[in-house]
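First comes the structure, then the notes that go with it.
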There are 2 protein chains.
Amino acid sequence: MQNINIELLKSYGLKATPQRIDILNTIEKLGHANIDEIYEIVKKSNPTISLATVYKNITALVEKALLKEVALNNFKSKYEIIKDRHSHLICKVCGKVTDVELNNEILLLSEQLSNNNNFNYKDIELNIYGICSSCA
Amino acid sequence: MQNINIELLKSYGLKATPQRIDILNTIEKLGHANIDEIYEIVKKSNPTISLATVYKNITALVEKALLKEVALNNFKSKYEIIKDRHSHLICKVCGKVTDVELNNEILLLSEQLSNNNNFNYKDIELNIYGICSSCA
DNA sequence: TTGCTACAAATAAAAATTATTAATTAGGAG
DNA sequence: CTCCTAATTAATAATTTTTATTTGTAGCAA
Ligand SMILES: [Mn+2]
Ligand SMILES: [Mn+2]
Ligand SMILES: [Zn+2]
Ligand SMILES: [Zn+2]
């Protein structure tokens with residue numbers, strides 16, 4: 001089909017409404033985006049969309065594990081389409097989030113750490129905070 | 001002096017008000033706590049404290065780098081007194097945050113990763129999400 | 001075609017955070 | 001120790017963020 005996100009929604013058993021498609025297209029384009037960024041961009045192609053619709057859909061898509069929240073120190077949470085495990089470079093100045101490869105070694109160490117602490121490991125998040133090249 | 005947090009505040013050039021001392025004592029006791037948890041506990045010893053005072057002080061102490069925000073997926077941010085670098089086990093059910101040792105290897109890999117990506121490394125955060133023993 | 005269900009827009013309500021203002025106080029100067 | 005003052009607080013009020021409600025519509029199944 002022409003748009004991969006329509007397929008994505010359907011594969012998760014969700015209706016591919018124009019609003020949802022727009023939201024996913026926006027997140028896909030930006031990589032990581034917060035609610036306001038998504039709303040502002042989606043409004044351009046769909047001027048009557050309600051902010052509440054963005055909230056409701058983001059929540060629904062996170063619940064269905066199609067999107068993932070990226071909670072940030074100092075900034076509003078961003079959302080990304082779930083993909084292979086990776087790590088994040090997070091700019092303390094502009095809040096930009098960049099994907100980087102996650103070393104497998106780190107994954108193993110984290111699982112060990114969980115076992116040692118009687119903790120049922122599910123997921124790891126390695127966030128590296130610093131200053132991005134455009135803000136430097 | 002009897003209370004280490006009074007010294008802590010003064011060493012950061014901050015007035016040691018009863019409100020701030022109570023807030024720090026609470027965070028120290030809980031390890032990691034969000035605004036509401038702090039407010040509820042501090043109210044016991046200081047029933048007239050305002051929630052806005054808790055907000056204002058938390059913000060101030062984070063700015064002075066005496067406290068650190070711990071942003072969490074799905075839960076309100078928690079705050080901890082800044083201490084040696086460490087990692088977090090985060091329970092997806094109850095939101096409890098537990099400190100664990102941070103392998104030095106991971107730190108080195110993260111710095112390398114930053115260099116490779118023209119990113120000015122400042123800080124690392126390794127959050128391990130899963131289910132804690134009491135929730136299991 | 002009719003009825004059902006999921007969804008959206010519009011709006012209201014609730015929850016979270018920040019700003020304002022007048023009164024109080026911590027900490028230093030004398 | 002007493003006084004002074006800038007910093008801080010309590011008590012709101014205001015704003016911002018998030019969630020709930022209501023009503024209408026579109027897609028689909030019987
Ligand atoms: Mn990512
Ligand atoms: Mn900690
Ligand atoms: Zn930046
Ligand atoms: Zn738990």
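Below, chain A is the first sequence line, B the second, and so on; all start at residue 1. Everything numeric here is computed off the predicted structure, so don't read it as measured data.
Nucleic acid contact class of A:Ile35 (heavy atoms, under 4.0 Å, all strands): none. Across all strands, B:Ala16 comes closer than 4.0 Å only to sugar-phosphate atoms, never to a base (heavy-atom distances).
At C:dA8, none of the side-chain N or O atoms of A:Asn46 fall inside 4.0 Å of OP1 or OP2 (strictly under the cut-off). Residue A:Ser50 places none of its side-chain N or O atoms closer than 4.0 Å to OP1 or OP2 of C:dT11. In terms of phosphate contacts, B:Asn34 brings no side-chain nitrogen or oxygen within less than 4.0 Å of OP1 or OP2 of C:dA16. Neither OP1 nor OP2 of C:dT17 sits under 4.0 Å from any side-chain N or O of B:Lys56. For C:dT25, neither phosphate oxygen OP1 nor OP2 lies less than 4.0 angstrom from any side-chain nitrogen or oxygen of B:Gln19. Side-chain nitrogen and oxygen atoms of A:Arg20 include at least one within less than 4.0 Å of the OP1 or OP2 phosphate oxygen of C:dC7.
The side-chain hydrogen bond (donor to acceptor under 3.5 Å, both in side chains) test with B:Glu125 is passed by exactly one of B:Lys68, B:His88, B:Arg85: B:Lys68. Test B:Ile82, B:Thr59, B:Leu24 against B:Leu67 for side chain to side chain contact (heavy atoms under 4.5 Å, CB included) and you get one pass: B:Leu24.
Atoms CG (A:Leu9) and P (C:dC7) sit 10 Å apart, rounded to a whole Å. The interatomic distance linking A:Ile23 (CD1) with C:dC7 (P) rounds to 12 Å, in whole Å. In this entry the distance linking NZ of A:Lys10 with C1' of C:dC7 reads 16 Å, nearest Å. Atom OH in B:Tyr55 sits roughly 9 Å away from atom C1' in C:dA15 (whole-Å rounding). Residue A:Tyr39 contributes atom OH, which lies 13 Å from atom P of D:dT17 at whole-angstrom precision. The separation between A:Glu40 atom CD and D:dT17 atom P is 11 Å, rounded to whole Å. For the pair B:Ile58 CD1 and C:dA16 P, the interatomic distance rounds to 16 Å; values are reported in whole Å. Across the protein-nucleic acid pair, B:Leu51 atom CG and D:dA14 atom P stand 18 Å apart, rounded to whole Å.
For the pair B:Ala52 and B:Thr17, both in contact range of DNA chain C, the more 5′-proximal nearest nucleotide belongs to B:Ala52.
Judged by distance alone, the side chain of B:Glu37 and the main-chain N or O of B:Asn34 form a donor-acceptor pair under 3.5 Å.
Side chains of A:Gln19 and A:Asn57: no donor on one and acceptor on the other come within 3.5 Å.
The side chain of A:Lys15 has C:dA6 as its nearest neighbour among C:dA26, C:dA6, C:dA8.
The existence of a salt bridge linking B:Lys10 and B:Glu7 is excluded, since no basic side-chain nitrogen approaches an acidic carboxylate oxygen closer than 4.0 Å.
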